[in-house]
Amino acid sequence: MTRDRLYLYDTTLRDGQQTQGVQFSTPEKLRIAGALDSLGIDYIEGGWPGANPTDSAFFEAAPATRARLTAFGMTKRSGRSAENDDVLAAVMNAGTGTVCLVGKAHDYHVTHALGIELAENTENIRASMAHIVAQGREALFDAEHFFDGYRDNPAYALEVCRAALEAGARWIVLCDTNGGAMPADVARVVGEVIAAGIPGDRLGIHCHNDTDQAVACSLAAVMAGARQIQGTLNGLGERCGNANLTSLIPTLLLKEPYASRFETGVSAGALADLTRISRMLDDILNRVPVKQAPYVGSSAFAHKAGLHASAILKDPSTYEHIDPGLVGNERIIPMSNQAGQSNLRKRLTDAGLSVSQGDPALGHILERIKAREDEGYSYDTAQASFELLARRELGQMPAFFEVKRYKVTVERRKNKYDRMVSLSEAVVVVKVDGEKLLSVSESLDETGSDRGPVNALYKALAKDLGRYSAILSDMRLVDFKVRITQGGTEAVTRVIIDSEDGKGRRWSTVGVSANIVDASFEALLDAINWKLLRDCAGQGVAAE
């Protein structure tokens, strides 16, 4: 059966940049564009040339892509021609083969926000689309507030879309700008638009996620006949974000009825790179990836309950809707006080540890985990700390070094500019290969700012661990989470540290103490020991 072609339009670099706290540099935009192109996206909207220096610089350094690089702007303003509108000229001067312009499709916005007559707005849209086409470019019209406009004045919402289509626009994109449309309404309206004479293969859908239904609304539009989907990686976007292409793409490729009815530019091989690309974007933004994100989250294929893990070992489909490898993710069997021996044996196997069914060591490890979690530890997410605990119980944990003592000081003082600053300093004494080594480190970064006592401890530890120091050169701490597990004078602090290295590995460790620095140090020691455990054998370095 011939499948209909769906076109994927990414606006991460433009609409995604409107996310609160997000601002891409030009090199970052170029890197993201390259990843989108490798994924198989059809259109990459690079930004609004002329609106800010970064977007203009991106188009000046425009990468060569298979995807159609698109410049975004708005339709011409009233009182001037399309040829003489300097804002439109800046968009055209970006030199892209595709241009997307936004215009009002809601009569209320035309008369109140723009303050012009409806007919004048329609003419501005028509003239702008005609101008793009006359220049030999592919034209897209983003019908802003379309669904609200169609609700209030369907005749006018259709009028502006027809004007753009008749002027030569390749795509008419119906925008749920406020993000309040329901999937059933989107499906009904798209069907009515097609019935009114605008072909489905010329229609796109652009949804915002204010009711957490942007993906559902986009799929509803596709089933009703729209053939272009606009969205962003990881659902970035203003307010609650845009339709999440990281969820939409695997759904379209792997789920029915979409997989049988439609094809996209994304291949199975490219889909297997989706998790890496999603996490790359988070890394660029210095964000911690959302663990519960569908398909690509680290918890998307995590099975905590013992009953689930037991079934997973027999048949993964019992509790997994797809093979995680299809999107480049992996299965995780976390350890917790709900775990049974099925979880434990699977997790031990994943860590390269073989323990026979019925081995008394399994019971000992489970009892140790449950006792530790009663003290405040959590091995649900701290997989690396779990592995180290299991190895110690099994007598398979090398002794790389021993910490003899440590000390941390935090000082608040005025600097030479008479400004109050903080300074953390750590002293660590370790024993490596029978030799005591003392290291001292401050926590100042390259800008002279204090990075805190945990950073000082890490720098002091990594500074001199003898023959192991070189192995830690590509390791860095990427997240630090603190939770008080009990209240009042009996308060216990749990610290989770996420680390990563130059090989792309990411691991989590846990520490617990009444003292936050001590809890942090325990998690830090586990993080370093896990890194050494993984890399020492590969580099021919043996523990003492």
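For clarity, every value in this text was computed on a predicted model and none was experimentally measured. FYI, the numbering just counts along the sequence from 1. Computed over heavy atoms, backbone and side chain alike; hydrogens, waters and symmetry mates excluded.
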- line: Of all heavy-atom pairs linking I44 and D37, the shortest is CD1-N, 3.9 Å
Anything under 3.5 Å between a donor and an acceptor, one on a side chain of residues 177-185, the other on a protein residue two or more places apart or in another chain? List them.
{"residue": "T177", "atom": "OG1", "partner": "H145", "partner atom": "N", "Å": "2.8"}
{"residue": "N178", "atom": "ND2", "partner": "D148", "partner atom": "OD2", "Å": "3.1"}

message: Going by the rule side chain to side chain contact (heavy atoms under 4.5 Å, CB included), which residues pair with A214 if we only count those two or more places apart in sequence or in a different chain?
response: C207, N209, A243
task: Only counting residues at least two apart or in another chain, list the ones meeting side chain to side chain contact (heavy atoms under 4.5 Å, CB included) with Q23.
output: Q17, T54
message: Under a 3.5 Å distance rule, please check whether S267 uses its side chain to pair with a backbone N or O of A270 as donor and acceptor.
response: yes
Backbone N/O of V429 and side chain of K436: donor-acceptor pair under 3.5 Å: no
- request: Only counting residues at least two apart or in another chain, list the ones meeting side-chain hydrogen bond (donor to acceptor under 3.5 Å, both in side chains) with N455.
  value: none
task: For this output row, return yes or no: ring centroids of F521 and Y406 closer than 6.0 angstrom.
output: yes
R372/E522 salt bridge by N-O under 4.0 Å criterion: yes
Side-chain ion pair, D474 and K531, N-O less than 4.0 Å: yes
query: Between the main-chain N or O of A361 and the side-chain N or O of D359, is there a donor-acceptor pair closer than 3.5 Å?
result: yes
message: Please find the pair of heavy atoms, one from G511 and one from A523, that lie closest to each other, and give the distance.
response: N-CB, 3.6 Å
task: May I ask you to decide if L13's main-chain N or O and K29's side chain share a donor-acceptor pair within less than 3.5 Å?
output: yes
- prompt: Would you say D15's side chain and G237's backbone share a donor-acceptor pair under 3.5 angstrom?
  reply: no
task: Run the salt-bridge test on R392 and D526 with the 4.0 Å N-O cut-off and return the result as yes or no.
output: yes
statement: Paired with S278, the side-chain hydrogen bond (donor to acceptor under 3.5 Å, both in side chains) test is passed by just one of D283, T246, N329, N234, namely N234
query: So with a 6.0 Å cut-off around CZ of R405, is the heavy-atom count from everything else above 12?
result: no
- prompt: Charged N to carboxylate O under 4.0 angstrom, E387 versus R534?
  reply: yes
task: Would you sort out whether Y295 and H321 count as a ring pair (Phe, Tyr, Trp, His ring centres under 6.0 Å), showing the intermediate values?
output: CA-CA 10 Å; Y295 294 105; H321 66 111; 5.4 Å; yes
- request: May I ask you to check whether over 12 heavy atoms, not counting those of K407, lie within 6.0 Å of atom NZ?
  value: no
- prompt: Can Y9 and E45 be counted as having a side-chain donor-acceptor contact under 3.5 angstrom?
  reply: yes
Sidechain-backbone polar pair: S443 side chain, P453 backbone, donor-acceptor under 3.5 Å: no
message: Could you report the tightest heavy-atom contact between G46 and D55, atom names first, then the distance?
response: O-OD1, 4.2 Å
task: Please step through side chain to side chain contact (heavy atoms under 4.5 Å, CB included) for the pair D535 and R505, ending with a clear verdict.
output: CA-CA 11 Å; D535 286 358; R505 295 180 301 207; 2.5 Å; yes
- prompt: Which heavy atom in L533 sits nearest to a heavy atom in P398, and how many Å separate them?
  reply: CD1-CD, 3.7 Å
- request: Just jot down the side-chain hydrogen bond (donor to acceptor under 3.5 Å, both in side chains) partners of T509, sequence neighbours excluded, or say none.
  value: none
- line: CG of L457 to OG of S439, rounded to nearest 0.5 Å, is 11.5 Å
message: Just to verify, what does E256 make a side-chain hydrogen bond (donor to acceptor under 3.5 Å, both in side chains) with, not counting sequence neighbours?
response: S260
Pair N515-S513, side-chain donor/acceptor within less than 3.5 Å: no
message: With a 6.0 Å cut-off (strictly less than), is the heavy-atom count around CD of Q396, excluding the residue itself, greater than 12?
response: yes
message: Parallel, tilted or perpendicular, judged at 30° and 60°: which one describes the rings of H208 and H206?
response: tilted
